[in-house]
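In what follows, every heavy atom counts, from backbone to side chain, and hydrogens, waters and symmetry copies are set aside.
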Amino acid sequence: MTACDVSDRQAVAELLASVSAERPLSGVVHTAGVLDDGVIGAPYVDAVVQRRRAAGRSGVSLAWGLWEQATGMTAHLDTADQARVSRSRSQTIAADEGMDLFDAALRTGEPLLVPIKLDLRSMRADAAAGRGVQPLLRGLVKVPRQVARAAAAAATDGTGELARRLAGLDAAEQETLLLDLVRKHAATVLGHAGPEGIKHDTAFRDSGFDSLTSVELRNRLREATGLKLPATVVFDHPTPLALARHLHGELGETTAAVAPAQAVALADPDEPIAIVGMACRLPGGVNSPEQLWRLVFEGRDAMSGFPDDRGWDLEGLFDSDPDKAGTSYVDQGGFLHEAALFDAGFWGISPREALAMDPQQRLLLETSWEALERAGIDPLSLKGTDVGVFSGLMGQGYGSGGEVPAELEGFVTTGAGSSVASGRVSYVFGFEGPAVTVDTACSSSLVAMHLAAQALRSGECSLALASGAAVMSSPGAFVQFSRQRGLASDGRCKSYADAADGTGWAEGAGVVAR
């Protein structure tokens, strides 16, 4: 017997080359070293063996139950996984039992077998108590006819009771009831103490579901609702809320589906667009529209020196000589000195990805949330609706100042790409309306506002977030405009005044909900 790693192409080639008349190949035992639980719809190895046997060739495929060793492929199984195995009424296979089963399988002459250790006593108890037996195992445990009838009646009563409860509720309450149902069964499948461990907007995959647990959840919901649900229903509707809404629609007239509101074009294309919410981050410590108005009312100056937390060469950056290369003859600007602060955990973003994200994207997330809250709208309630996002942005070269650390390489493309900014907001909030990032230099935010108004009037969306953000990751704009003599000497614009002597640079972010 010769061992070989089939993932090593060279090793396989050498093994095959060693086969000869004196040393013939008499058999292959393939024990896959990868745990890839699947459902009946994906039996690739089984199909290969079946085809070989139909052609008169040898082959046996064994779908093993769980072995009791706590190492190797099953080392990752936790308490929830063990509970799922226990609910299926199967027991772990000892090593000596497994070897005996292997030998017995080769003697049967059958192409496809399932070596598994079943707890038949518990299965019979389930049958006697009317708790039912899995369809594939019903040939092993006979359910008395009267018990089967009682169980069927109980199931009918259960689904009928659900229908009666739903019939007495309005659409929003029906959806809440079905969401509770989904979360309860999902928690049971994963071994949680209660539904609190299942968030309504977190993907089942991210909560720990795999193909087998997804099918178990489908089975539980099928029994609870009486609906014919496909095995892929959890993948087709990947969050508890999405699945609850699907069940809502499938239950028919009693529980009419709650579809997202569809946008319709305004009757009068000249009708003004109402701004219902606003949020901002601006120089001078301005973090709200009220603070912005107070700044303007009091006539305060929000300009300041260069920030000291961005790695800029503050010692060598400023020089009053406008011809000196690599320097700026202005050392003032409107800066967001807290631009680096970001609560990544609130957004479900990992620390590494957050570090790779352009601060402009972070600011758009924060201000978009606040603009909706100020409009009296729960941001989470808009998931799956046709909200549009129109963001004005200019690429500021974030992350391009040197070699990217290896741990951030997978996040830089989306983190630093200005085109991703609007899509980031749409993705995190779950919006399904248009998402457009506009870069027309200094007019980017103005154009974003215009496009948002057009989209609302044409019916492309029923609510729009129009925004703009600017955070300078490098002093490049100061240096380049210094060579052109384009900067105001004191860093302050004096538009339409005789004293106007150039432009000034500032940062900020603002979002309006319309």
Trainee: So do the side chains of Glu432 and Thr385 get within less than 4.5 Å of each other, counting heavy atoms only?
Mentor: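 Not touching, per the 4.5 Å side-chain cut-off.
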
Trainee: Is there a side-chain contact between Leu456 and Arg514, using heavy atoms and a 4.5 Å cut-off?
Mentor: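 With C-beta onward as the side chain, the pair touches.
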
Trainee: Could you tell me which non-hydrogen atom of Val114 sits nearest to which non-hydrogen atom of Ala63, and how far apart they are?
Mentor: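 The pair with the smallest heavy-atom distance is CG1-O, 3.3 Å.
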
Trainee: To the nearest 0.5 Å, what is the distance between OG (Ser61) and CD (Glu110)?
Mentor: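 Output value for this atom pair is 12.5 Å.
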
Trainee: Looking only at atom types and distance, does a side-chain atom of Thr176 sit under 3.5 Å from a main-chain N or O of Ala172, one as donor and one as acceptor?
Mentor: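 Flag set: sc Thr176 to bb Ala172 pair under 3.5 Å.
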
Trainee: Keeping the roles fixed (side chain from Gln91, backbone from Asp119), state whether a donor-acceptor pair exists under 3.5 Å.
Mentor: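 No: the side chain of Gln91 does not pair with the backbone of Asp119.
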
Trainee: Quick one: pull up CG in Leu177 and NE2 in His248 and give me the separation to the nearest 0.5 Å.
Mentor: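 Spacing of CG (Leu177) from NE2 (His248) equals 9.0 Å.
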
Trainee: Would you say that more than 12 heavy atoms from the other residues, nucleotides or ligands in this model lie under 6.0 Å from the NZ of Lys199, or not?
Mentor: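 Counting other residues, nucleotides and ligands, NZ of Lys199 stays at 12 neighbours or fewer.
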
Trainee: Please determine whether side chain to side chain donor-acceptor pair (under 3.5 Å) holds for the pair Ser391 and Ser422, giving the CA-CA distance in whole Å, both sets of side-chain angles, and the decisive distance to 0.1 Å.
Mentor: CA-CA 6 Å; Ser391 303; Ser422 57; 5.0 Å; no

Trainee: Evaluate the side-chain proximity of Ser467 to Phe390: yes if any heavy-atom separation is below 4.5 Å, no if none is.
Mentor: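 Not touching, per the 4.5 Å side-chain cut-off.
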
Trainee: Could you give the distance from CG (Leu229) to CG (Leu217), rounded to the nearest 0.5 Å?
Mentor: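 Output value for this atom pair is 9.5 Å.
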
Trainee: Backbone N or O of Leu365 within a donor-acceptor pair of the Ser368 side chain at under 3.5 Å?
Mentor: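 It does not hold such a pair.
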
Trainee: Side chains of Leu221 and Leu243, heavy atoms from C-beta outward: is any pair under 4.5 Å?
Mentor: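 Yes, side chains in contact.
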
Trainee: Looking at Asp236, is its backbone amide N or carbonyl O close enough to the side chain of Thr232 to form a donor-acceptor pair, meaning the two atoms are under 3.5 Å apart?
Mentor: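 No, Thr232 side chain to Asp236 backbone: no donor-acceptor pair under 3.5 Å.
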
Trainee: Would Asp201 and Thr239 count as a side chain to side chain donor-acceptor pair (under 3.5 Å) if you check the C-alpha gap in whole Å, the side-chain angles of each, and the deciding distance to 0.1 Å?
Mentor: CA-CA 6 Å; Asp201 59 348; Thr239 67; over 6 Å; no

Trainee: Taking atom CD1 of Ile349 and atom CG of Asp343, what is their separation to the nearest 0.5 Å?
Mentor: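 If we round to the nearest 0.5 Å, Ile349:CD1 and Asp343:CG are 10.0 Å apart.
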
Trainee: Do Arg52 and Ser58 touch side chain to side chain, with heavy atoms closer than 4.5 Å?
Mentor: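 In contact.
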
Trainee: If we ignore hydrogens and angles and just use 3.5 Å, is the side chain of Arg183 paired with the main-chain N or O of Pro195 as donor and acceptor?
Mentor: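 Side chain of Arg183 to backbone of Pro195, a donor-acceptor pair under 3.5 Å: yes, one is there.
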
Trainee: Output, in order, the C-alpha distance, side-chain angles, deciding distance and verdict of side chain to side chain donor-acceptor pair (under 3.5 Å) for Thr202 and Ser207.
Mentor: CA-CA 7 Å; Thr202 298; Ser207 296; 5.2 Å; no

Trainee: If you compare all heavy atoms of Ala448 against all heavy atoms of Ala466, which two are closest, and at what distance to 0.1 Å?
Mentor: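 Looking at all heavy atoms of both residues, the shortest contact is O-CB, 4.2 Å.
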
Trainee: For Thr437 and Ser419, indicate whether the former's side chain and the latter's backbone hold a donor-acceptor pair under 3.5 Å.
Mentor: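 Yes.
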
Trainee: Do Val182 and Leu247 touch side chain to side chain, with heavy atoms closer than 4.5 Å?
Mentor: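 They are in contact (side-chain heavy atoms under 4.5 Å apart), so the answer is yes.
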
Trainee: Indicate yes or no: does Glu366 engage Arg362 in a salt bridge with an N to O separation below 4.0 Å.
Mentor: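 Here Glu366 does not pair with Arg362 in a salt bridge, since their nearest N and O are not under 4.0 Å apart.
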
Trainee: Strictly distance-based, threshold 3.5 Å: is any side-chain N or O of Glu14 a donor or acceptor partner for the main-chain N or O of Ala11?
Mentor: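 Side chain of Glu14 to backbone of Ala11, a donor-acceptor pair under 3.5 Å: no, none is there.
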
Trainee: Find out whether Arg53 and Leu112 are in side-chain contact, i.e. whether some heavy atom of one side chain is under 4.5 Å from a heavy atom of the other.
Mentor: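 Of all side-chain heavy-atom pairs linking Leu112 with Arg53, none is under 4.5 Å.
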
Trainee: According to side chain to side chain donor-acceptor pair (under 3.5 Å), does anything in residues 347-358 pair up with another residue at least two apart or in another chain? List the pairs.
Mentor: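 For residues 347-358: Glu353-Arg424, Asp358-Gln360.
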
Trainee: Can you measure from CG (Leu251) to NE2 (His246) and round to the nearest 0.5 angstrom?
Mentor: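 Going from the CG atom of Leu251 to the NE2 atom of His246 covers 9.5 Å.
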
Trainee: How far apart are the C-alpha atoms of Ser18 and Arg23, what are their side-chain angles, what is the distance that settles it, and do they pass the side chain to side chain donor-acceptor pair (under 3.5 Å) test?
Mentor: CA-CA 8 Å; Ser18 69; Arg23 193 167 181 265; 3.2 Å; yes

Trainee: Heavy atoms only: give me the nearest Ala371-Ala513 pair and the separation to one decimal.
Mentor: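 Shortest heavy-atom separation between Ala371 and Ala513 comes out as O-CB, 4.3 Å.
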
Trainee: Determine whether Val425 and Phe431 make a side-chain contact, defined as any pair of heavy atoms from C-beta on separated by less than 4.5 Å.
Mentor: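 A side-chain contact under 4.5 Å exists here.
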
Trainee: Has the side chain of Asp439 got a donor or acceptor atom that lies under 3.5 Å from a matching backbone atom of Met394?
Mentor: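 Between the backbone of Met394 and the side chain of Asp439 there is no qualifying donor-acceptor contact (under 3.5 Å).
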
Trainee: Going by side-chain contact (heavy atoms from CB on, under 4.5 Å), Leu465 matches just one of Leu382, Val511, Thr367, Leu364. Which one?
Mentor: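 For Leu465, the side-chain contact (heavy atoms from CB on, under 4.5 Å) test succeeds with only one of Leu382, Val511, Thr367, Leu364, which is Val511.
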
